[in-house]
Amino acid sequence: MELCACPLCGSTRHYALPVADKLYGRCLDCALVFMAPVHRLDDETEKRVYDGHQNEVDDPGYRTFLMRAFGQVLAQIPAPASGRDFGCGPGPALLAMGRESGYQMAGYDKFYADQPALLTRQYDFITSTEVIEHLAEP
């Protein structure tokens with residue numbers, strides 16, 4: 001089994017990190033930890049995993065968790081401003097929290113809100129929680 005070049009910086013300088021039955025690499029140039037391509041989930045399997053998540057818009061515990069990220073937006077970018085939640089998922093709680101706080105929000109998710117035109121617009125801020133670690137080519 002072989003690792004590819006680092007999907008973030010393209011470096012081929014990395015070392016292998018075998019974990020259980022999967023192989024990861026750690027880039028010696030940018031420090032990204034990435035999974036060997038052979039172990040990545042296909043889109044159908046990945047969506048099936050996401051469909052099992054219980055991230056409800058009105059769940060107070062989930063909102064508290066998201067506030068760790070969204071609190072930074074509130075502290076640094078006054079409303080009204082425009083924002084996009086990249087990877088909003090099936091229960092777009094950050095969209096709701098943003099709108100409730102006076103922001104104009106748009107959500108993008110390759111499985112639940114696939115609107116590529118949103119990726120070409122400019123925003124005052126972009127949020128992305130529980131997503132980046134799942135991108136094979138960030």
Side-chain angles (χ1 to χ4, degrees):
M1 197 169 337
E2 203 172 300
L3 288 169
C4 59
C6 173
L8 184 61
C9 75
S11 173
T12 56
R13 295 176 3 97
H14 48 64
Y15 60 89
L17 298 166
V19 177
D21 61 342
K22 297 193 175 20
L23 178 63
Y24 295 83
R26 180 175 171 97
C27 179
L28 294 172
D29 291 319
C30 74
L32 180 74
V33 175
F34 58 96
M35 182 181 280
V38 69
H39 295 300
R40 295 178 189 153
L41 300 179
D42 59 56
D43 282 351
E44 182 180 324
T45 305
E46 186 177 12
K47 184 173 184 306
R48 202 169 38 249
V49 170
Y50 288 152
D51 286 342
H53 290 191
Q54 300 298 313
N55 299 337
E56 301 299 324
V57 173
D58 297 324
D59 179 340
Y62 189 51
R63 282 179 170 245
T64 298
F65 167 77
L66 292 175
M67 188 53 78
R68 295 185 329 195
F70 192 65
Q72 294 298 313
V73 172
L74 293 171
Q76 297 180 38
I77 303 169
S82 65
R84 177 179 70 213
D85 184 22
F86 181 84
C88 62
L94 266 174
L95 293 177
M97 293 167 68
R99 290 174 182 151
E100 291 162 4
S101 299
Y103 297 96
Q104 298 171 355
M105 298 292 295
Y108 176 82
D109 190 290
K110 76 176 188 175
F111 296 120
Y112 306 104
D114 189 12
Q115 300 175 52
L118 294 177
L119 300 175
T120 63
R121 296 184 189 157
Q122 291 190 346
Y123 299 88
D124 297 310
F125 65 91
I126 297 173
T127 58
S128 187
T129 59
E130 303 181 275
V131 175
I132 300 299
E133 67 272 21
H134 297 285
L135 300 179
E137 297 178 2

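In terms of heavy-atom proximity, Cys27 sits nearest to Cys30 at SG-N, 3.4 Å. Residues Ala81 and Phe125 share a closest heavy-atom pair of CB-CE2, 4.4 Å. When all heavy atoms are compared, the tightest approach of Leu3 to Gly25 is CD1-CA, 3.6 Å. The two residues Leu95 and Gly107 come nearest to each other via the heavy atoms CD2-N, 3.6 Å. Closest of all the heavy-atom pairs between Ala96 and Val57 is CB-CG1, 3.7 Å. Minimum heavy-atom separation, Ala5 to Thr12: CB-CG2, 4.0 Å.
Here the CZ atom belonging to Arg48 is positioned 7.5 Å from the CG atom belonging to Asp42, to the nearest 0.5 angstrom. The CE atom of Met35 lies 8.5 Å from the CZ atom of Arg40; values are rounded to the nearest 0.5 Å. Note that OG of Ser101 is 10.0 Å distant from CG of Leu94, once rounded to the nearest 0.5 Å. Atoms CG and SG, on Asp109 and Cys88 in that order, are 5.0 Å from each other to the nearest 0.5 Å. Between the CG atom in Asp124 and the CZ atom in Arg84 there is a gap of 12.0 Å [rounded to 0.5 Å]. With rounding to the nearest 0.5 angstrom, the CG atom of Leu74 is 5.5 Å from the CE atom of Met67.
Phe86 and Met105 fall into different hydrophobic clusters, where Ile, Leu, Val, Met, Phe, Trp and Tyr side chains are chained together by heavy-atom contacts under 4.5 Å. Linking Ile, Leu, Val, Met, Phe, Trp and Tyr residues whenever their side-chain heavy atoms come within less than 4.5 Å places Val33 and Tyr15 in a single cluster. One hydrophobic cluster, built from ILVMFWY side chains closer than 4.5 Å, cannot hold both Tyr50 and Leu66; they sit in different ones.
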Side-chain atoms of residues 113-123: list all donor-acceptor pairs with protein atoms under 3.5 Å, sequence neighbours left out, distances to 0.1 Å.
from	atom 1	to	atom 2	distance (Å)
Asp114	OD1	Tyr108	OH	3.1
Thr120	OG1	Ala117	O	2.8
Tyr123	OH	Leu118	O	2.9

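Under the 4.5 Å side-chain criterion, counting only non-hydrogen atoms from C-beta, Tyr112 is in contact with Asp51. Within the 4.5 Å cutoff, the side chain of Leu28 has no heavy atoms near those of the Ser11 side chain. Taking 4.5 Å as the limit, every side-chain heavy atom of His39 sits out of range of all side-chain heavy atoms of Tyr24.
Here Glu46 pairs with Lys110 under the salt bridge (charged side-chain N to carboxylate O under 4.0 Å, His left out) rule; sequence neighbours left out. Residues meeting the ring pair (Phe, Tyr, Trp, His ring centres under 6.0 Å) test with Phe34, sequence neighbours left out: His14.
Few gaps surround CD on Glu100; more than 12 heavy atoms of other groups in view lie less than 6.0 Å from it.
For the pair Arg63 (side chain) and Ala93 (backbone), a donor-acceptor distance under 3.5 Å is absent.
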